[in-house]
Every structure is written in structure tokens, then in C-alpha cells.
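The structure appears right after this line, and notes come after that.
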Amino acid sequence: MGSPAERRGDARELAAQLDADGVRNLALTWVDNAGIARAKAIPAARLEHAAQRGVGMSPVFDVFTSEDAITASDHLGGPAGDLRLFPDLDRVTVLAAQPGWAWAPADRYDQDGTPHPACQRQFARKMTERATAAGLDLRMGFETEWVVTRTPAGHDPAEDDAYEPLDYPCTGPAYGMTRIVELSDYLRDVTEALTLQGIEVHQVHPEYAPGQFEVSCAPGDPVRAADDAVLVRETVRAVSARHGLRASFAPSVVAGAVGNGCHLHLSLNRDGKSLHRTPDAAWGLAPDAVAFLAGVLGALPALLAVGCPSPASYLRLQPSHWAGVYQCWGVENREAALRLIPGAPDDPDGGSAEIKTFDGAANPYLAVGAVIAAGLHGIETAAQLPAPETEDPGTLGVRERARRGIVRLPGTLTEAANRFEKSAPLYEAMGKVLHGAVLAVRRAEEARFAEVDAEEIAAVTRWRW
Ligand code: GLU
Ligand code: MG
């Protein structure tokens, strides 16, 4: 952040521009440890003040659960204290589907101006800077999957039963053109709104589950990728509302069915060159790319507590559902937790990897930061990748999986949280305050849903993210 005076000057200009664009309100978001985007809104005319002094918000949200219950960690919890939300002036975006509104992601500072130790966005930035210091330039991007349903007439979220049958606005087959025809105005408005907001849409397509779609967008630096994940989701939500529809980004919309993933793509560069395009190297991967990916693969059991943070996440994580539930990697293998995408051989920027296991309940800032921490740890320890897997591990049988050394990733949030608790690299990277807050929220979610059956978990969490 620049000095208060600089920020004020920048904000003054920006506020005049927003006013000319007809913007009246600015929503500042940050994402809590349960993956919920929380917001404070200010009149656009207050931007100058907000840029200089920040906007107040309690630190207690760091220990909010996905259902707005409040837990506590060793460092956070309780009604006392205040933080300042500072809008990132470089990311102020006029919202296409919410006329009169703009949005900006916020960084959180203590009142004395020091970075709040549990600020997830600053954690993502710190990890990105660590990667830069190691000479690595990372590109990342999230895929957004959602299920769209009709809003019941006269729907009252406080009254209506969470078990209401879902009313899908399209009936076409998985990946079917029929669905695009059925919802062509809606899908056009989604892509148009994103484009107007400066998001470069790569593709939009119907997915497997009823009413399910996906949009993927251009990658960017890790913090930008996380910001984009928030903006894409809120845009899809806003466009859906304008069409009388509701969007669910929950990991498990209907228990037992294919869920919503939020896969994280990443690629590595050094000195302007792709580390996925090394001549004569296996799969084109430079040694640092191998070590980084091996670090991520090795840390996946602990990373699940970040990327799959809800008991609902574990309803989605079923074998043979393209959700990557086995700790293995493979070239274009959609059942491997880590899928290597070689890209076209003549594309110098081609080549990336995809973490398939993560879902939309994850805080995207924590996800990118934790993945970078794990990858850098892989480089520090010269981690190596095992042999790639070409088959669906779910079809191999227990003995064959054991022979190949393929392990099932944690099948419960408790198991993932236990691995996260013991992960020294993640603890070191996050620091005790953020690590402790994440763990406290996971433990609270475990306790809340311990005796709850799958259908109810899906129903209760369906509209939370
Ligand atoms: N919906 C699947 C998931 O739960 C992913 C489908 C795909 O590979 O895009 O992650
Ligand atoms: Mg998909």
C-alpha cells in the first residue's frame, strides 16, 4: 500500500471516475476462513476516506463458520477489537450485473497500520513474493463450477425448507448443447458481464450434474487469480438473480451426485521462460517444476483442510467422480488429484498443472498461498514425483493401488484437519494466528456436522458459498 496521502489522491481520482460511471456504492469483500465472502459497502463518495483510513470490521469473522456460528482460537474470537479494510484501488471494478455498484477486494490491517496476521489476501501476497524471491513467476486460475436452479416463487430463505426439491431451468444432457440452447440468454449475460469487468473468459460449458455449468478464465498472478475467483462467483450469482435463478457453488449440491469443484490451475515460469517447456526433460518439466509439483502432491493431505474445508467437501470427494481423491498425478488423467496438462507442443506458454481436488468452499487466497508454500517446500527439499498414473485409481482395487503406492486422500474433514495441524511448512508459512484460526474453524465445522447425515449436510450448506 502507498502512503495514506498517495492512496487518498488515487482514491479521489477514482471516485470521480466512479461517479461519472454512475456508481453509487462500492462493496469491499474479503473471504473468511470458512470460504464465505464477507462484505462492507460504502457510498462511492466515501472511497477517499476508506482509502486513507480503511473501513472498520471485527476480527471475529476470522473464526466464523460457514453457518455464521462463532468459534474461537487461541488468538482470535470475542467481541473486542477492530480491523481496517483497505480496498485495493487497482482492483476497483464496476459491476456489470449490479447497476450502480462497484467492487474491490480488501486487505485487512490492524488499527495501528500493521498487516492483520490472519489476513488471507496478504498471506497469498506474501507467498507470491516468496516465490518471486526464489525466481519463480507463478500463473494461477480457478475454474468455477456451479449448479443453477429456479428461485421458487415467493421464496423466503428464512422460512423455506432446505429440502425443497430443486427446480432446474434446463433439462438437457450433461455437456449437452441442449442446455446452452435452453439457457442461452443467461449464459450470454454471464460471459458478457465478466468480459465487461475485465475478466477474460476462456470458455463456458455445461457440466455433468443437473443444472451444472462451468466457466474458466485467463490465469493471472496468484492474488489476482484469487480476486478473480471471488469476482467471477459474485457475478454469476448476480446474473443468476437477474434471471430469476439461484447459483450454488457448494461442493455437494445433492448428496451422492457429482459435485462442484473449484480446480486450481498453475504454471511456473522463470526469467520469462516456461518451466513446462524444457527441451529433453521428461514431460518438459524443469527440475524446479518437478520439485514444486512434488511438494504440492506430497502436501495434499494437509492442503485438503484448505482446499476442501467443509464436511460437505467430503461428500463430493468420491472415487471416479473426476474430483481427484487419490494422492497421485498423471498426464491428462482426470482422476489424478494432480493433473499435468502438457498443452500444444508448439505453444511456448502451454503447459500447466491442475489440482482437481479443491472445491468452492475453499478460501481462494488461502488456497493459492498454501499451494505456493507447499511447492516452495518441495523445491527446498528437492522433492521428486513418483511415476505418473494413467488409469483411474478407483478402478484398480486395493491391492493394485497399494502395489503402486497410491494412497486415498483424507476422506473426512477431521483427517484433513489433523494433517493440517501437523504440517510444519503450512504452519510456518501461515503463522500461528492464521493457522490457528483456520484449524479452529475446521474443528467447529467437524463438531457441528458430526451427527448429521449426508443429505442434511448438502441441504444445509447448499447456498452458503
Ligand atoms: N464436477 C467435477 C468435480 O467435482 C469436475 C468435473 C471436471 O473435471 O471438470 O470436481
Ligand atoms: Mg469442470
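Note that the coordinates shown come from a computational prediction; the quantities given were computed from them, not determined experimentally. In listed order, ligands and their atoms are each counted from 1.
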- prompt: In the protein, which heavy atom is nearest to atom 8 (O) of ligand 1, and how far is it?
  reply: K356 NZ, 2.8 Å
- prompt: Is it true that atom CZ of R419 has more than 12 heavy atoms of other residues, nucleotides or ligands lying nearer than 6.0 Å?
  reply: no
- request: Would you mind checking which non-hydrogen protein atom is closest to atom 4 (O) of ligand 1, with the distance to 0.1 Å?
  value: R316 NE, 2.7 Å
task: May I ask you to establish whether R233 and W146 are in a cation-pi arrangement, using a distance under 6.0 Å from NZ or CZ to the six-membered ring centre and at most 45° from the ring axis?
output: no
- request: Any chance you could measure Q122, atom CD, to L434, atom CG, to the nearest 0.5 Å?
  value: 11.0 Å
query: In the protein, what heavy atom is nearest to atom 1 (N) of ligand 1, and what distance, to one decimal place, separates them?
result: E145 OE1, 2.8 Å
query: Should you measure from each heavy atom of E214, which atoms of ligand 1 turn up under 4.0 Å away?
result: 9 (O)
statement: dist T65:OG1 -> R442:CZ (nearest 0.5 Å) comes out at 11.0 Å
- request: Give the contacting part of R334 toward ligand 1: side chain, backbone, both or neither, where contact means a heavy-atom distance below 4.0 Å.
  value: neither
- request: Considering non-hydrogen atoms only, spot the tightest contact between R443 and A417 and give its length.
  value: NH1-CB, 3.3 Å
query: With a cut-off of 4.0 Å, which atoms of ligand 1 are near a heavy atom of H263?
result: 3 (C), 5 (C), 7 (C), 8 (O), 9 (O), 10 (O)
query: Passes salt bridge (charged side-chain N to carboxylate O under 4.0 Å, His left out), R38 versus D68? Steps please.
result: CA-CA 11 Å; R38 309 267 176 197; D68 306 334; 2.8 Å; yes
query: Restricting to N, O or S atoms of E145, which is nearest to the Mg ion (ligand 2)?
result: OE2
- prompt: Which atom, among the N/O/S set of E207, is closest to the Mg ion (ligand 2)?
  reply: OE2
- prompt: Any N or O on E143 sitting closer than 3.5 Å to an N or O of ligand 1?
  reply: no
task: Can you measure from CD1 (I36) to CZ (R464) and round to the nearest 0.5 angstrom?
output: 5.5 Å
field: Within-4.5 Å side-chain heavy-atom neighbours: C170 and R179
entry: yes
task: Decide ring-ring contact (aromatic ring centres under 6.0 Å, His included) for Y208 and H321; before the verdict, give the C-alpha distance in whole Å, the side-chain angles of both, and the deciding distance to 0.1 Å.
output: CA-CA 10 Å; Y208 189 88; H321 280 53; 8.1 Å; no
message: Suppose I only count heavy atoms of W322 and a 4.0 Å limit; which atoms of ligand 1 are within that range?
response: 3 (C), 5 (C), 6 (C), 7 (C), 8 (O), 10 (O)
Contact (N/O only, under 3.5 Å) between H321 and ligand 1: no
Contact partition for D359 relative to ligand 1, non-hydrogen atoms under 4.0 Å: neither
task: Give a yes or no on whether E214 keeps an N, O or S atom under 2.8 Å from the Mg ion (ligand 2).
output: yes
statement: Partner of N33 under side-chain contact (heavy atoms from CB on, under 4.5 Å), picked from L76, V438, T71, V63, is V438
query: For G259, is at least one N or O under 3.5 Å away from an N or O on ligand 1?
result: yes
query: Short list, please: which atoms of ligand 1 are under 4.0 Å from a heavy atom of V258?
result: 1 (N)
query: Can you tell me which residue and heavy atom of the protein come closest to atom 9 (O) of ligand 1, and the distance to 0.1 Å?
result: E207 OE2, 2.9 Å
